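Reviewing the structure listed below.
As the structure is a computational prediction, the values presented were derived from the model and not from experiment.
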Amino acid sequence: MSRNKTQIVSLRLTPLVWALFFMSILHPFSEGLAQKRQKKDKNVIENPHDYKLQELFLFPNVNKIRYYYDKSELNKLNKLDKAKDSDALYPLLWDYVSKFGVDNFRRDTYWLWRLANITEEQGRFYDAQRLYKLVLKHHHAGVDFQKVQSKYYKMAGRKPEDYVPLDYYYDLVEFREKLDTLRPPQGIDLNMGFYVNSNKSDYGPSISWDNSTIIFTSQRNSIRRNFDPVPNEDLFIIKSLGDGYWDEALPLKELNTEANEGSPYLSKDGTTIYFSRCNTPETFGNCDLFVAQLQADSTWGEVKNLGRNVNSTAWDSHPSLSPTEDTLYFASDRIGGFGMSDLYYTHKDRNGNWLPAKNMGPVINTRGSEVSPFVHPKHNVLYFSSSGQLINFGEFDIYKAYLEENNRWGESSNIGPLVNGKGSEFYFTIDQESENLYYAKSIENNMENLDLYSFPLPMGAQPLATTKLTGTLTDSLSNSPFTDGIVSIIDMEEGIAIAPKYLREDGSYQFELIDNRQYLMVIQGDEFFRIEKIFTLQGDTNFDDQTRPISSRMQFESVVFDNNSFELKSAMYYDLDKIGNFLLDNPDFKLKISGHTDTKGNPQANIQLSQKRADAIKDYIEYFGGISKDRIEAIGYGAQQPLVEEKTESDRELNRRVEFEIYRPNNKGWNRNKVEEDDGIRW
């Protein structure tokens, strides 16, 4: 449910404004007095010297006080910081940061950065990485954002540029379709079509437990206000026709009014619907959360506001239930949050009433906007849309987070470019079997016409994709890392799409996959021979592979013919296949095969023999590699180009050889640093 697009701000200083002004001046002092009256909270770290990050990240004051302030403690921190006494500063700073309220993350970001800095100095790099991430989510004055971001990306070993652009992904899919060994994944980025979408914005889908029904929001209807037609948000329902097809969308007339309704969420049994309604006499603020019940005649009724414990005087929308349906998550831009809008939650008490809503905290929320939460119907995985997280491909992206042992949500991760694009993505919903996703997507810099999309759930968004596959690729001759290459993973069992990634600067890569499945990994580039392996993932796995670099001219020890013979041996096939695979991966490269003999025998006969050997190799690569004839040249030189003067049998062996020259006629590169828009490279 969208907020009002236009807000009129009055600059007249009313008595209420003056009162709020003086309250803001006295705010830190009143907070301090309130804190002295607080009883000691059992969640506050009893022994800060344990330095357990999970305990620090509880931040128990976030839903109690706006700003934690203790003049005496701050004086000690400033004194030790000025003296650069990190050892003495660390335990006191750890304790002080653990008491942060919401406003501390904005006003005291420096102390959070300082804690991360000392943690890094102590060699606790994982903890430092998470603290730096927290700094970047809430940074304001006093922190060099670019410097901290660069440090975080280096420590985390990941950044948006690690992912191969979507256009290259499609090229890879096209390439796989030509090979029996590479099964292409199922479709992605698929619009749900004109039966579902309209020429106005359509968004906010909620799918029933049996996958037969979707209720969503649409602005296709309009009403007249001040004599002008304006879009009106209403709820619509569609029924499944099977095989991914949906019937025509129909309005939910019993819930739609002249007010705006949207952001529906269906309970598991399909008898309760939560939704947002805006600007009516029944709302406390701009938009409120409501609930309705399915009646005996299959219509919706008993509509009621969820009350002041849930709703505020601001905008409240985007409801979603936990798998047990006793926790409600939603978005709100109420005063007291971390950013422009935050995620909140509320629990049911024993009588079924919703308790006062709480902020989900600084690990999930940022200084930007967090909206449209969705908790997987079977697994404790939270999906939401954000403009303030670190790895971002566009404006708003979809992220996922897992519930940790302390019953708090852990760090979020971007679900990847197969879902997130240059525009904005919202209202992410998954069926219970994690087979298909449904969400709203806009084009870049245009929020006026959201459409609903649905396609098989990619690996990055899979709730069970938590097993790490890591690895490196190095030069077998120099042991130096290859830095320009693409790593593709193919799910051999389910055909789930997996976004390919570039090799990092140190030649490494990392994926999160579903355990106990069979995968095919392909690493390809224009500087080395392709690596290809099939494996079954069993727990976190690391591969350290080496491959031979591409030289302008190469020889292979396996490519040795018997005396006076041009028949290929099975021992040659592996190296010849490597050459064929490279040419297949890099269609703008060509190959020259040069056959050479020793000086023994008739010169003309030697030329004919060397030509037959070169032709035999050419025929093999063309036939088994699927390479067109115009890309391979085979020439027999006989004994015309000896490497050494022949004095011994060893000299003659050196001269009896086949050389391979791989070259790119236009000399264009494909890698992420060199590629041009019109390069024309296809993988």
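Among residues two or more places apart in sequence or in another chain, the side chain to side chain contact (heavy atoms under 4.5 Å, CB included) test is passed with F145 by L136, H139, Q149. The side chain to side chain contact (heavy atoms under 4.5 Å, CB included) check on K82 picks up nothing, with sequence neighbours excluded. In terms of the ring pair (Phe, Tyr, Trp, His ring centres under 6.0 Å) criterion, Y265 has no residue partners (sequence neighbours excluded). For the side chain to side chain contact (heavy atoms under 4.5 Å, CB included) test, no residue two or more places apart in sequence or in another chain qualifies with E405. Shown here are the side chain to side chain contact (heavy atoms under 4.5 Å, CB included) partners of F543, two or more places apart in sequence or in another chain: L469, Y509, M521, K533, F535, T541, D545. F482 meets the ring pair (Phe, Tyr, Trp, His ring centres under 6.0 Å) test with F528; sequence neighbours excluded. Residues passing the side-chain hydrogen bond (donor to acceptor under 3.5 Å, both in side chains) test with Y329, sequence neighbours excluded: none. Residues passing the ring pair (Phe, Tyr, Trp, His ring centres under 6.0 Å) test with F393, sequence neighbours excluded: Y163. Partners of T313 by side-chain hydrogen bond (donor to acceptor under 3.5 Å, both in side chains), not counting sequence neighbours: none found. Remark: F374 engages no residue in a ring pair (Phe, Tyr, Trp, His ring centres under 6.0 Å) (not counting sequence neighbours).
Ring-centre distance between F338 and F105: below the 6.0 Å cut-off.
Judged by distance alone, the side chains of N406 and E55 never bring a donor and an acceptor atom under 3.5 Å apart.
Ring-plane geometry between W113 and Y110 is classed as tilted, the angle between the planes lying from 30 to 60 degrees on a 0 to 90 degree scale. Between Y383 and H376, the ring planes are tilted. Angles from 30° to 60° get that label.
Residue pairs satisfying the salt bridge (charged side-chain N to carboxylate O under 4.0 Å, His left out) criterion with at least one member in residues 366-394, sequence neighbours excluded, are listed as follows: K378-E433. The salt bridge (charged side-chain N to carboxylate O under 4.0 Å, His left out) pairs that include a residue from residues 409-421 are R130-E411, K133-E411, K137-E411, where partners are two or more places apart or lie in different chains.
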